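To keep things clear, I will list the structure first and then write my remarks on it.
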Amino acid sequence: MSDPRRILLADADQFFVAVARLVDPEGAGKTPMLIVGGRPGSRGVVCSASYETRVFGVRSGMPIARALKLCPQATSIPVPRGACSKMSRAIRTVLEQFTPVVRGASIDEWYLDLTGTEALYHHEALAVTAARIRAAVLDATGLSVSFGGGTNRLIAKLAVEFGKMKPGTDRTGVFVVEPGQEAAFMKERVALADIPGIGPRFQQALAVRELVSVADVLPHDVGALERWFGSRAGQWLWRRARGVGDATVTVREPAKSISHEDTFRRDVSNEAAIQREVAGLAAKTGADLRDHRLMARTVTVKLKYTDFSIRSASRTVKEAIESDRAVTDLAMALLAHLRRRRRAPIRLAGVGVSGLADAADRQAGLFDESPSTNGGASPVESLRDRRLSRAVDVIRGKFGDGAVQRGPGRDPAV
DNA sequence: TCTGGGGTCCTAGGACCC
DNA sequence: TCTGGGGTCCTAGGACCC
């Protein structure tokens, strides 16, 4: 049996609120009742809300309109995106000074593997190391980060909730579950809904069997859980309830998809308006693709209707593409297909690309410049298309995004 | 004053190939 | 003439996370 792993989860406290206050100390910094999320006038939700507003029942994920109804004296501001990315990178840089094995789980969460650093940190307890990392991040960035620790990622993730400092508690910002205590921790302190991967739908299915806490699941053998929830989910639940989780922390894997979507201020039924929107999203997605030096084989268009139902259509081509022309043409064809299937007002449109490959891997001769067969009339990208997109990128880089516009069915105005 | 945007992963069926 | 599976790729839909 090898030594237990030493996994930490670092979670930035009230990240969006904290960053907003940091970048605007006179405004957001002096507003106790602060809600961050959404654009003014848009149909947005709360990304992060200050403790003072939570007293009124404001929660992240809640429509901003509802949050302001619950707490009318609150101020709502959009997410300071640029500052958040910058602060996220700054926190990561500090974390990497303590271990090279840091994996970003989201903009405000990182897993750290400190296995093998025992001698380096004088065999001190994991909680002590975590407290030192916490102090270093606070000192370098001005942001408070809480730590959960344990022998795997599941335990570290669940532990952090017990570390977070809240008004009226004596918490320190660090909570570590000692090796061997995983099962007891799960049984005594964890609700099934807290386990990552158990969302609203799974909770419903669990509730039908009167399973709410981890302790409710423990008496049932794996066979019963498999019968109730399917073989995969049953086995998964049996293991999770006992605190068994993945203990590997790997550095970030390359992105698998890139997408953009937009919710309209009001539902839209005008076909030309929908086409303009999808063309714009396709261009944005194409620009991101090239920005990351990637190419894509699959394009997906997604529409969300007034009733929140979602329809999507995707198309995979033989040779990876990167130009606005190719991405946009495929997206417009997919949109036409979706609108033929269901012509009703939509509240959201989205365009995404997947099947990503490194553009640097393109080798002379590997890609045929002549039109090839992707099922007949499909658009295949030419060298000219790629050059044009890159030229447009350069102009936009110099003069801003509005410098070059492309309308549906028209040639790019360059 | 209803319900974002950027992702990941899983499932299931059909096509196609060996 | 009848009867196979397994593996992979693609598409559509859906659950879930922050």
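Small disclaimer: the values here were computed from a predicted structure and weren't measured. In what follows, chains are A, B, ... by sequence order, proteins preceding strands, each numbered from 1.
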Requested in this report: Decide, yes or no, whether a salt bridge links A:D194 with A:R189 under the criterion of side-chain N to carboxylate O below 4.0 Å.
Outcome: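 No, no charged N to carboxylate O under 4.0 Å.
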Query raised in the report: Any Lys/Arg nitrogen of A:D307 or A:R342 sitting under 4.0 Å from an Asp/Glu carboxylate oxygen of the other?
Result: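 Yes.
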Query raised in the report: Can you name the closest pair of heavy atoms from A:R297 and A:E319 and give their distance?
Result: CG-C, 4.4 Å
Requested in this report: Please name the pair of heavy atoms, one in A:D216 and one in A:E210, separated by the smallest distance, quoted to 0.1 Å.
Outcome: OD2-O, 3.9 Å
Exam field: side chain [X] to backbone [Y], donor-acceptor pair closer than 3.5 Å:
X	Y	result
A:D113	A:T248	no
A:Q73	A:M33	no
A:R290	A:E322	yes
A:D139	A:A135	no

Phosphate oxygens OP1/OP2 of [N]: is one of them under 4.0 Å from a side-chain N or O of [X]?
X	N	result
A:S312	C:dG13	yes
A:S257	B:dT8	yes
A:S60	C:dC18	no
A:S259	B:dG7	yes
A:H260	B:dG5	no
A:R232	B:dC10	yes
A:R341	C:dG13	yes
A:K256	B:dC9	yes

Requested in this report: Evaluate side chain to side chain contact (heavy atoms under 4.5 Å, CB included) for A:F98 paired with A:V137, printing each intermediate quantity in order.
Outcome: CA-CA 11 Å; A:F98 291 84; A:V137 173; over 6 Å; no
Query - Dot-bracket pairing map - DNA chain C, Watson-Crick plus G-U, both contacts under 3.5 Å, | cross-strand - result: ....||||||||||||||
Query raised in the report: Rounding to a whole Å, what distance do you find between A:D194:CG and C:dC18:P?
Result: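 Taking CG of A:D194 and P of C:dC18, I get 11 Å after rounding.
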Query raised in the report: Between A:K302 (NZ) and C:dT11 (P), how many Å, whole number?
Result: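 Rounding to the nearest Å, NZ of A:K302 and P of C:dT11 are 18 Å apart.
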Contact class for [X] vs. all strands (heavy atom < 4.0 Å): base, sugar-phosphate, or nothing?
X	result
A:I198	sugar-phosphate
A:K157	sugar-phosphate
A:A313	sugar-phosphate

Report task. Take atom C1' in C:dC17 and the same atom in B:dG4, then report the distance between them in whole Å. Result -> 14 Å
**Report entry** Earlier contact from the 5' end, DNA chain B, for A:K284 and A:E253
**Finding:**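 Closer to the 5' end of DNA chain B: A:K284.
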Polar pairs (N or O, both sides) under 3.5 Å between protein and nucleotides 1-4 of chain B?
| unit_1 | atom_1 | unit_2 | atom_2 | d |
| --- | --- | --- | --- | --- |
| B:dG4 | OP1 | A:R347 | NH2 | 2.4 |

